[in-house]
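First the structure, in the form of structure tokens, and then the observations on it.
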Amino acid sequence: MREKPLADITVLDLSQAVAAPCAGVLLADFGANVISIEPPGGGSEREYGGGSTMPNFGRNKRSIVVDLKTDDGTDVLHRLVEDADVLIHNNRPGKMTDLGCDYETLSAVNPQLVYCSVTGYGEDGPYRDRPGFDPLAQAMSGLMWTTGEPDRKPSRIGASTIDIGTGIYAAFAIWPALRHARATGEGQKIEASLFDTAAAFMGHWYTLYDKTGEQPQRQGHSWELYAPSGVFETGTDPIYLSTPFQHLWERVAEAVDRPEWIDDPRFETGDDRAENRAELAAELESEFADYERDELLDLLIEAGVPASELKTVAEAARDEHLHERGTLQEIEDVDGSEVTATATPVSLSETPGRIERGPPSLGEHSRDVLAEFGFDDDAIERLVGDEIVHDG
């Protein structure tokens with residue numbers, strides 16, 4: 001087995017919920033020694049999402065419980081920072097200063113430290129002190145405005161897209177910062193925020209508005225730039241169809257043996273189809289009603305048409321393709337049960353990310369971590385006895 005590519009990196013992960021823990025788990029999957037530093041009683045990530053976040057964002061990490069509200073607890077963290085490469089947190093602006101764990105303090109302890117702050121709106125600017133969560137970032141950025149049916153309220157994207165996107169951006173930023181630290185001996189502070197991530201996702205919409213002055217409108221399951229696109233009913237279950245180019249539209253018509261659609265003046269060009277999308281959808285669904293979903297998909301996919309099932313969460317969680325590729329795996333949860341969780345969704349041929357263990361129980365590795373960082377037995381017993389550190 002090849003050496004894990006990030007095996008020489010130690011990460012102190014003080015974060016909770018989804019965004020920042022996502023950054024930590026990406027590093028852990030590729031071998032980094034990620035130590036989750038949790039408060040007494042555990043953090044919100046152990047409750048968030050009905051316990052569904054821990055298998056996905058706590059796997060491959062170890063847990064130590066430290067009471068950072070005490071001077072001794074802060075001293076423990078400073079001792080860990082001396083030999084760490086990265087620290088990740090998602091406390092609100094100012095909180096780390098209150099704890100004696102701000103970048104200026106910790107960089108004095110370890111000048112090579114890469115310190116990553118994940119917040120709702122960043123550590124400066126007019127919104128810095130606002131509470132920040134994924135749906136708020138969606139709402140503030142205009143992303144929510146573009147999502148949903150045109151005749152209904154704007155809708156939140158169902159998944160924690162901005163949380164996970166922010167975690168990915170943070171993990172990406174940590175890597176060049178580490179390379180810089182290794183080359184120069186100089187650490188640095190990274191700031192990632194949910195609002196910044198949501199704005200980055202919306203960048204092309206901001207540019208389009210600036211160029212045209214036109215506000216994008218919600219299109220629901222469809223897409224305003226071309227047709228046919230969206231959800232279409234069949235004789236059984238619905239499909240999703242996406243045909244942004246003329247040749248793809250022609251393949252749809254030929255696949256269902258309706259070549260006359262190609263020369264129909266209502267549907268002849270992309271602009272014609274977009275203008276008459278309601279009539280086009282009616283024609284398609286009338287034709288598709290004669291097919292079972294899988295039968296129709298076989299015809300369309302064989303013809304090279306971008307089409308797919310519209311799956312429920314239950315269907316997707318059992319998807320054979322995702323399981324065969326290892327994107328979905330069965331791992332051990334905190335309570336010892338087997339649960340379905342996602343693996344790192346990228347594949348490296350020589351140094352792949354791996355799930356080697358499920359999420360830790362609270363404080364499971366407290367004593368081991370302290371020993372690894374040079375605390376002797378007497379010091380460990382004192383910290384545990386004084387409830388500065390809690391073990392599992």
Side-chain angles (χ1 to χ4, degrees), residues 56 146-152 155-161 164 201 204 217-330 340-347:
N56 292 286
T146 66
T147 306
E149 297 295 334
D151 59 343
R152 304 187 69 180
S155 181
R156 178 183 67 85
I157 295 173
S160 296
T161 308
I164 294 171
F201 284 12
H204 67 292
Q217 298 301 309
R218 291 186 294 282
Q219 296 295 310
H221 60 86
S222 187
W223 184 244
E224 64 181 355
L225 299 181
Y226 59 86
S229 67
V231 177
F232 295 90
E233 298 293 338
T234 72
T236 52
D237 300 301
I239 65 169
Y240 198 93
L241 187 63
S242 180
T243 59
F245 307 118
Q246 181 68 23
H247 70 279
L248 296 177
W249 157 242
E250 292 177 2
R251 289 177 185 176
V252 173
E254 291 164 354
V256 294
D257 198 24
R258 293 295 300 271
E260 68 273 15
W261 281 346
I262 297 172
D263 298 321
D264 189 315
R266 298 173 298 169
F267 313 140
E268 192 168 1
T269 69
D271 288 342
D272 294 330
R273 292 191 295 278
E275 184 178 345
N276 297 292
R277 66 173 61 248
E279 293 177 69
L280 176 58
E283 289 271 359
L284 288 169
E285 290 198 323
S286 176
E287 183 66 30
F288 292 171
D290 293 335
Y291 297 88
E292 293 186 355
R293 181 191 70 180
D294 291 348
E295 175 191 10
L296 178 60
L297 280 175
D298 286 345
L299 289 173
L300 293 173
I301 292 171
E302 185 177 352
V305 175
S308 72
E309 303 89 338
L310 177 64
K311 292 191 174 183
T312 65
V313 172
E315 289 174 316
R318 297 192 299 266
D319 187 278
E320 62 179 356
H321 182 90
L322 294 176
H323 282 276
E324 183 175 320
R325 284 179 52 80
T327 306
L328 292 178
Q329 298 183 20
E330 296 298 312
T340 300
T342 55
T344 296
V346 289
S347 176

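Just the heavy atoms: all of them, side chains too, but no hydrogens, waters or symmetry mates, feed the values below. Position 1 is the first residue of the sequence; numbering continues from there.
- Pairs engaging residues 250-263 under the salt bridge (charged side-chain N to carboxylate O under 4.0 Å, His left out) rule: Arg258-Glu260, Arg258-Glu283, Arg258-Glu287 [sequence neighbours left out].
- Annotation for Pro228 and Leu284: closest pair CB-CD1, 3.5 Å, computed over non-hydrogen atoms.
- Not one N or O on the side chain of Thr327 forms a donor-acceptor pair closer than 3.5 Å with the backbone of Pro345.
- The distance from atom CZ of Phe288 to atom CG of Leu297, rounded to the nearest 0.5 Å, is 9.5 Å.
- Judged by distance alone, with hydrogens and angles left aside, the side-chain atoms of Arg218 form no donor-acceptor pair with the main-chain N or O of Ser155 at under 3.5 Å.
- Summarising the geometry of Arg273 relative to Glu268, their closest heavy-atom pair is NH1-O, 3.5 Å, with the distance given to 0.1 Å.
- Rounded to the nearest 0.5 Å, atoms CZ (Phe267) and CG (Leu280) are 5.0 Å apart.
- Proximity of Glu275 to Arg266: side-chain heavy atoms (C-beta onward) are nowhere separated by under 4.5 Å.
- Asp237 has its side chain out of reach of Leu310: every pair of non-hydrogen atoms, C-beta onward, lies at least 4.5 Å apart.
- Using the six-membered ring where Trp is involved, Trp261 and Trp249 have ring planes that are parallel, under 30° apart on the 30 and 60° scheme.
- Using a 3.5 Å distance cut-off with no hydrogens or angles, the side chains of Ser229 and Ser222 do pair a donor with an acceptor.
- Residues Ala307 and Leu241 come closest through the heavy atom pair CB-CD1, 4.0 Å.
- With a 6.0 Å radius and a threshold of 12 heavy atoms from other residues, nucleotides or ligands, Gln246 has its CD atom above the threshold.
- With hydrogens and angles ignored, the 3.5 Å screen pairs no side-chain donor or acceptor of Thr344 with any backbone N or O of Val346.
- Side chains of Gln329 and Thr340: no donor on one and acceptor on the other come within 3.5 Å.
- Residue Leu300 comes nearest to Ala255 through the heavy atom pair CD2-CB, 4.0 Å, listed as atom of the first residue, atom of the second, then distance.
- Remark: Thr342 pairs with Asn56 by the side chain to side chain donor-acceptor pair (under 3.5 Å) rule, at least two apart or across chains.
- Within 6.0 Å of the CZ atom in Arg325, the count of heavy atoms belonging to other residues, nucleotides or ligands does not exceed 12.
- Note that the CZ atom of Phe201 and the OG1 atom of Thr161 stand 7.0 Å from one another [nearest 0.5 Å].
- In this structure, the side chains of Leu328 and His323 come closer than 4.5 Å at one or more pairs of heavy atoms.
- Tyr291 and Leu299 make their closest contact through CE2-CD1, 3.4 Å (heavy atoms, listed as atom of the first residue, atom of the second, distance).
- Sorted by first then second residue, the salt bridge (charged side-chain N to carboxylate O under 4.0 Å, His left out) pairs that include residues 292-312, not counting sequence neighbours, are Lys311-Asp319.
- Pro238 approaches Glu233 most closely through the heavy-atom pair CB-OE1, 4.0 Å.
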